[in-house]
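One structure below.
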2 protein chains.
Amino acid sequence: MYRDTGEGFRNAVNISHKAVEQVAGKGDIVVDATCGRGKDTLFLAQLVGRNGKVYAFDIQESAIESTRLLLAKNGAAEQVVLIKDDHINMAEYLKERPKACMFNLGYLPGGNHCIKTEACTTLEALKIVVDVLAIGGIITVVFYPGHPGGTEELETARNYLSGLPQQAFEVTEIRFINQVNNPPQIIIVRKK
Amino acid sequence: MYRDTGEGFRNAVNISHKAVEQVAGKGDIVVDATCGRGKDTLFLAQLVGRNGKVYAFDIQESAIESTRLLLAKNGAAEQVVLIKDDHINMAEYLKERPKACMFNLGYLPGGNHCIKTEACTTLEALKIVVDVLAIGGIITVVFYPGHPGGTEELETARNYLSGLPQQAFEVTEIRFINQVNNPPQIIIVRKK
């Protein structure tokens, strides 16, 4: 079992942040599809600033609350719309095409490990984001193949994303190939 | 067959440049293990500046000449040592531990396709660089699995690099998974 606190996790999160920074900035509309404890939401809120907007989703109240606290503590709550709903419903909330959408899959760190993202709904959410994403925008997805169901989730998503037409999308997979214990993996989708 | 001029090529080269920029800068010692037409050599020469040094290797006179011309045209020749020798001999030339070493494998664009890097010597060269690389330094390798022998070269190198101990090295593989015709692949090694 892969531990979330490991180096692969830090690498994966850093790489996804760097990828988003290349595309989105002050005043942009972005999405955190999986709030968790709010780390990506805070990163996005600081990236887009007061004139931007972050739509941040999680199905768990405890994740929404953790994120709310983290944002408040960092003076970054104003530009974030926190939404306690499944990210497969995100199209109902988004008024604009986002420049970036981040997924950090798996379960809530420190939460109930039975409540986690699932291959089926992750696939559905990805299809929605691929559709609504702004031209030039990116999707970052961090997978945890070491978690129960994580490999299935990765394979399902990978199968879909690797089939996106290369005229319209650039899909990049990043793996840490000398790490033991199923380290996280990243897939980055750029819409041309 | 993958064409060198395609998008995957540009992506692979851009990604390897960005990776090197994060580690090496003005005044550093770096290596281009495969001059080719000199694009990476010029990039490295501009990155390290007049107070740095680039050791640049190629077995073909025509590659060395192309690189010499490109450097001269860009006023970047002074900090480059051009060496017409196999990169497996690089330890004989290097006086310092390099901060970065770039490999762009395959054959010389516009040259004889029979003269190309080979799995066996590429592996040997990688072992040398892994050994001499400075702590904190990186190796970038761009592979062309669409070239004859390219898949074998990738598999041989991948097999070695994925076995490097994770306490001492971070090995990252980057693939463009929605491109047809065996696009280039990148492996990046960071020495901790």
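All chains are named by letter (A, B, ...) in the order of the sequence lines, taking the proteins before the strands, and each is independently numbered beginning at 1.
Within 6.0 Å of CG on Asn14(B) lie more than 12 heavy atoms contributed by other residues, nucleotides or ligands. Around NZ of Lys95(A), the count of heavy atoms belonging to other residues, nucleotides or ligands within 6.0 Å does not exceed 12.
Residue Gln167(B) does not touch chain A at all, counting heavy-atom pairs closer than 4.5 Å.
Gln166(B) contributes atom CD, which lies 5.0 Å from atom CD of Gln179(A) (distance to the nearest 0.5 angstrom). Taken from CD1 in Ile188(B) to CD1 in Ile177(A), the straight-line distance is 10.5 Å, to the nearest 0.5 Å. Considering CD1 of Ile15(B) and CD1 of Ile174(A), their distance stands at 7.0 Å, rounded to 0.5 Å. With rounding to the nearest 0.5 angstrom, the CD atom of Gln22(A) is 4.0 Å from the NZ atom of Lys18(B).
When each of Ile187(A), Leu164(A), Thr172(A) is tested with Asn178(B) by the rule side-chain contact (heavy atoms from CB on, under 4.5 Å), just one qualifies, namely Leu164(A).
Phe57(A) and Leu69(A) sit in two unconnected hydrophobic clusters of ILVMFWY residues. Membership requires side-chain heavy atoms under 4.5 Å apart, directly or through other members.
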